[in-house]
Amino acid sequence: ISTDMGATHACASAAPDHYELSLASAGIACAGTTVTGKACADSTSPCTSLATNLAGQTATLAASAGTLDATTLVFDASGTATTTLRHPTASNGANAGVTLSNEQTAAAQPRQCCPDGASCAAANSCTTTFASAGFIVAAAVNTGATTVPSQIAGTPSTTHVLRAVRTNTTTLACEAALSGTTSIDWAAQCHDPGTCSPGNLMTVTGNAASTVASNPASGITTTTPVAMDFDANGNAPFTFTYADAGQ
C-alpha cells in the first residue's frame, strides 16, 4: 500500500439553500435588461444571506427570446452573478423568459424566481415584458438604468436623470421619446410601513419643486404632474426630497 502524503485534494463546496433568479418584470426593447443569479445560504426570500463559498462556480442560462450576453453565469465571491438580456426586435408587449439550470453545486431547495428582486416563488424561469418606449432612471445622461441609493430624510438627493426613450425602427437603438418641457406624472408610495405619514412629504424637482402625492402599499391611485425639461436626447435631470424619517 502506498500513500501520497503530499497530494492536495479539492474539498466539495457546501450546498446553498437555494438559487434565485431575478430580472425586471418590464423592460424597454432598445435597452438591455439585467439578469441576476444569487446563491442563497439560507431560506430567506429574497436572499438576505448569500453563499460566499462558490466563487468561480457556474450555472447555465437560456432565453426563450432575444439573446443573453452570457449563457454561463459565473458566481463571484459574494454569491452573485449577472448578465444582460437583449431583445431590440421585441414588439410592444412581447415576453421573454430566462431559465436557470445546471448549477455546479446543487442546492438543497428548489430555484426561485424573484421578479424585480421581490415576491419570490419557486420556479426555474422568470419572464419580462418588453415595451417599445418608456422611462429609465439613470445616474447620468445617456446611461443605463441605475438603482437609486439610500436617501437621508429631509435632504435633497444628488441629481438623477429621467430618460424618455423609444426603439428606433431602423437602427433598433434607443432614441429620444420626448424633448422640451413636458409634464410627467409622479407618485410616492410607502411600503414599510404600508401607509404613509399624513400629508404629502415627497418633493420632486424638475424645472421647479413639486410636492408629489403619497400612496399606500396597496396601490397607486393619485399622481402629481411635474414639469420636466428633456434635452434633445431625452434626458431630464431631477432631484427629490422626502421629509419623513420613517420608523
Side-chain angles (χ1 to χ4, degrees), residues 3-28 31-87 90 94-130 137 144-150 189-194 217-219 246-247:
T3 302
D4 183 1
M5 298 299 291
T8 301
H9 303 281
C11 296
S13 298
D17 180 82
H18 66 281
Y19 289 94
E20 288 181 0
L21 179 67
S22 64
L23 65 160
S25 58
I28 305 171
T33 298
T34 300
V35 180
T36 303
K38 293 182 178 180
C40 304
D42 58 31
S43 60
T44 56
S45 176
C47 283
T48 56
S49 178
L50 294 167
T52 58
N53 61 327
L54 303 180
Q57 293 204 16
T58 61
T60 300
L61 289 181
S64 64
T67 59
L68 292 159
D69 283 0
T71 56
T72 300
L73 284 181
V74 181
F75 293 97
D76 62 20
S78 73
T80 303
T82 62
T83 189
T84 302
L85 171 66
R86 304 185 190 277
H87 195 10
N95 295 326
V98 177
T99 301
L100 177 67
S101 64
N102 298 326
E103 297 89 345
Q104 193 169 335
T105 297
Q109 301 298 326
R111 304 176 187 95
Q112 296 189 19
C113 166
C114 304
D116 304 310
S119 303
C120 304
N124 297 328
S125 302
C126 284
T127 300
T128 189
T129 301
F130 287 97
V137 175
T146 189
T147 299
V148 176
S150 298
Q189 187 179 28
C190 296
H191 289 275
D192 185 12
S218 57
Q247 291 183 320

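Nothing here was measured: the structure is a model prediction, and the numbers come from that model. No hydrogens, no waters, no symmetry mates; every other heavy atom, side chains included, goes into these values.
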For a quick test of reading the model, state the closest non-hydrogen atom pair linking Glu103 to Ala59 and the distance between them. CG-CB, 3.9 Å

Before giving the answer on side-chain contact (heavy atoms from CB on, under 4.5 Å), spell out for Thr58 and Val74 the whole-Å C-alpha distance, their side-chain angles and the decisive distance to 0.1 Å. CA-CA 5 Å; Thr58 61; Val74 181; 4.0 Å; yes

CG/Asp42 to CD/Gln109 distance, rounded to the nearest 0.5 angstrom? 11.5 Å

Walk me through whether Cys126 and Cys113 qualify under disulfide bond (SG atoms under 2.5 Å apart). CA-CA 5 Å; Cys126 284; Cys113 166; 2.0 Å; yes

Identify the heavy atoms of Cys40 and Pro16 that sit nearest to each other, and give their distance. O-CB, 3.4 Å

Testing Val35, Thr82, Thr84 one by one against Asp69 for a side-chain contact (heavy atoms from CB on, under 4.5 Å), which residue passes? Thr84

Measure the SG-NE2 distance between Cys120 and His18 for me, rounded to the nearest 0.5 Å. 6.5 Å

Output the distance between atom CG (Asp76) and atom OG1 (Thr52), rounded to the nearest 0.5 Å. 10.5 Å

Please work out whether the ring planes of Phe75 and Tyr19 are parallel, tilted or perpendicular, with thresholds of 30° and 60°. tilted

Whether the Asp116 and Ser25 side chains hold a donor-acceptor pair (N or O, under 3.5 Å, no angle test) is what I'd like checked. yes

NZ/Lys38 to SG/Cys47 distance, rounded to the nearest 0.5 angstrom? 6.5 Å

Search all heavy atoms of Leu54 against all heavy atoms of Ala14 and return the closest pair with its distance. CD2-O, 4.2 Å

Got a second to check how far Leu21's CG is from Asn124's CG, nearest 0.5 Å? 9.5 Å

Output the distance between atom OG1 (Thr71) and atom CG (Asn102), rounded to the nearest 0.5 Å. 10.5 Å

Please step through side-chain contact (heavy atoms from CB on, under 4.5 Å) for the pair Asn53 and Thr105, ending with a clear verdict. CA-CA 10 Å; Asn53 61 327; Thr105 297; over 6 Å; no

Could you pull out the closest heavy-atom pair between Ala217 and Gln189, with the gap in Å? O-NE2, 3.4 Å

Closest heavy-atom pair, Ala65 versus Asn95, reported as atoms and distance to 0.1 Å, is CB-O, 4.2 Å

Do you know which two heavy atoms are closest between Ala70 and Leu61, and how far apart they sit? O-CD1, 4.3 Å

Return yes if a side-chain donor-acceptor contact under 3.5 Å exists between Ser45 and Gln112, otherwise no. yes

